[in-house]
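My structure is below; once you've seen it, I'll send some questions.
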There are 2 protein chains.
Amino acid sequence: MSKPKAPHNLQSRNSTLDETDARILAALDSDARLSMSELARLIGMSAPSMSERVRRLENAGVIRGFTLDVDTRAIGYQIRAMVRIRPLLGKLHLVEKLIQERPEFVECDKITGDDPFLARLVVRSIERMDDVLEALSEHAVTSTAVIKGTSVKRRLPPL
Amino acid sequence: MSKPKAPHNLQSRNSTLDETDARILAALDSDARLSMSELARLIGMSAPSMSERVRRLENAGVIRGFTLDVDTRAIGYQIRAMVRIRPLLGKLHLVEKLIQERPEFVECDKITGDDPFLARLVVRSIERMDDVLEALSEHAVTSTAVIKGTSVKRRLPPL
DNA sequence: GTTGAAAATAGCACGAA
DNA sequence: TTCGTGCTATTTTCAAC
């Protein structure tokens, strides 16, 4: 009775997610601490199968981890900003190291264009922001845009 | 094995985190699915107390939620980019709505400066990226920087 | 994929510092 | 208040199918 499944391989490559996987990811994205049993109930299958599916998604590298969404304001970090960083000639690696070592930079991507780095900065106050940027000013030119609000909260792309 | 706790209220305001809370947040940030018992073992306290602390961090709004870290490449989204978006005169709200309705924009902040929006875009291919940007071109000017890599993976600010 | 039993865990009431 | 203990309900895991 092997019915050849339709090769609806919509993914451009890799780990083909079926619709169940998509629903699992969506559910876990909204609450990563859902119990496997509850998740199984939601999707409509048994707990052991659910555990196995989730484990597979982890092993396939689709799920990289389970993380926290922390409100940095609630712990005293009042200011968030996006900072474009252009190291002076020959200082690319030094500047990258400085960014990595400054924990107020909570995220940093390497990007194409005039400014090699785009970093997310979280600080307790404007004064502190100035300190952080000042520390870079000897080695890089920075452009800072303060975050006024959020239009789209982090979410998954269409599955 | 109890250490005398000093009221070192380091937070600039709000929800004072003690050192235990900081360790809890750090542990959950690296694995948000840690069981309360295991977490309790790590930190050195009983499971019920741990549950209560975590619940308090949630109620205080410090922990906003538990989320997934998904590798979008592993599900076929090969390209990531940061897009600065400047709506044409009078089109601010329209453009914001367009961004929100386009699921490939997985995050968007409202920022100060010439470009009101800075969005993270995740697409399956360059061609698809062009489609998305083209759809905005009638109402906004965009500047796109493709992400080549990561210097700092999302992390918590110093606690 | 399922079921069912054993081990681990979570949630609750209650008492101690 | 915050934490610990002991109890019960739930969940996880492992085996076998």
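This structure is a prediction, so every number in the text was calculated from the model and none was measured. In what follows, chains are A, B, ... by sequence order, proteins preceding strands, each numbered from 1.
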Touch class at under 4.0 angstrom, heavy-atom based, for R55(B) against every strand present = nothing
Contact span of DNA chain C against chain B, any nucleotide atom under 4.0 Å from a heavy atom, 5' to 3', runs dT9(C) to dC12(C)
Return the value, rounded to whole Å, for the distance between atom CD1 of I24(B) and atom C1' of dT2(D).
->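 Nearest whole value for this atom pair: 12 Å.
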Would you classify S46(A) as touching base, sugar-phosphate or nothing, given that sugar-phosphate means primed atoms plus P, OP1 and OP2, and contacts are heavy atoms under 4.0 Å?
-> base
Does the side chain of R41(A) get closer than 4.0 angstrom to OP1 or OP2 of dT11(D) through an N or O atom?
-> yes
Is it true that a side-chain atom of R155(B) and a backbone atom of F105(A) form a donor plus acceptor pair closer than 3.5 Å?
-> yes
Would you kindly give the CE-to-P distance between M50(B) and dG4(D), to the nearest whole Å?
-> 9 Å
Give, for atom CZ of R154(A) and atom CG of D109(B), the distance between the pair rounded to the nearest 0.5 Å.
->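 It is 9.5 Å, given to the nearest 0.5 Å.
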For the pair made of CE in M36(B) and P in dC3(D), what is the distance, rounded to whole Å?
-> 14 Å
State whether the number of non-hydrogen atoms from other residues, nucleotides or ligands found under 6.0 Å of E58(B) atom CD is greater than 12.
-> yes
Report yes if some heavy atom in the side chain of R84(B) is under 4.5 Å from a heavy atom in the side chain of F117(B); otherwise report no.
->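 Contact flag for R84(B)/F117(B) side chains = no.
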Step through the shown structure and confirm whether more than 12 heavy atoms of other residues, nucleotides or ligands are within 6.0 Å of NZ on K148(B).
->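 It does: K148(B) NZ has more than 12 such atoms within range.
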Atom-pair distance (CG on D18(B); P on dT1(D)), nearest Å | 16 Å
Of E38(A) and P48(A), whose closest DNA chain D nucleotide lies nearer the 5' terminus?
->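 The residue mapped nearer the 5' terminus is E38(A).
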Rounding to a whole Å, what distance do you find between L39(A):CG and dT10(D):C1'?
-> 16 Å
Is any side-chain nitrogen or oxygen of S49(B) closer than 4.0 Å to OP1 or OP2 of dG4(D)?
-> yes
So do the side chains of F66(B) and L68(A) get within less than 4.5 Å of each other, counting heavy atoms only?
->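 They are in contact (side-chain heavy atoms under 4.5 Å apart), so the answer is yes.
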Closer than 4.0 Å, any side-chain N/O of R56(B) to the OP1 or OP2 of dT1(D)?
-> no
S51(A) side chain vs A47(A) backbone, donor-acceptor pair below 3.5 Å |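 Checked: pair present.
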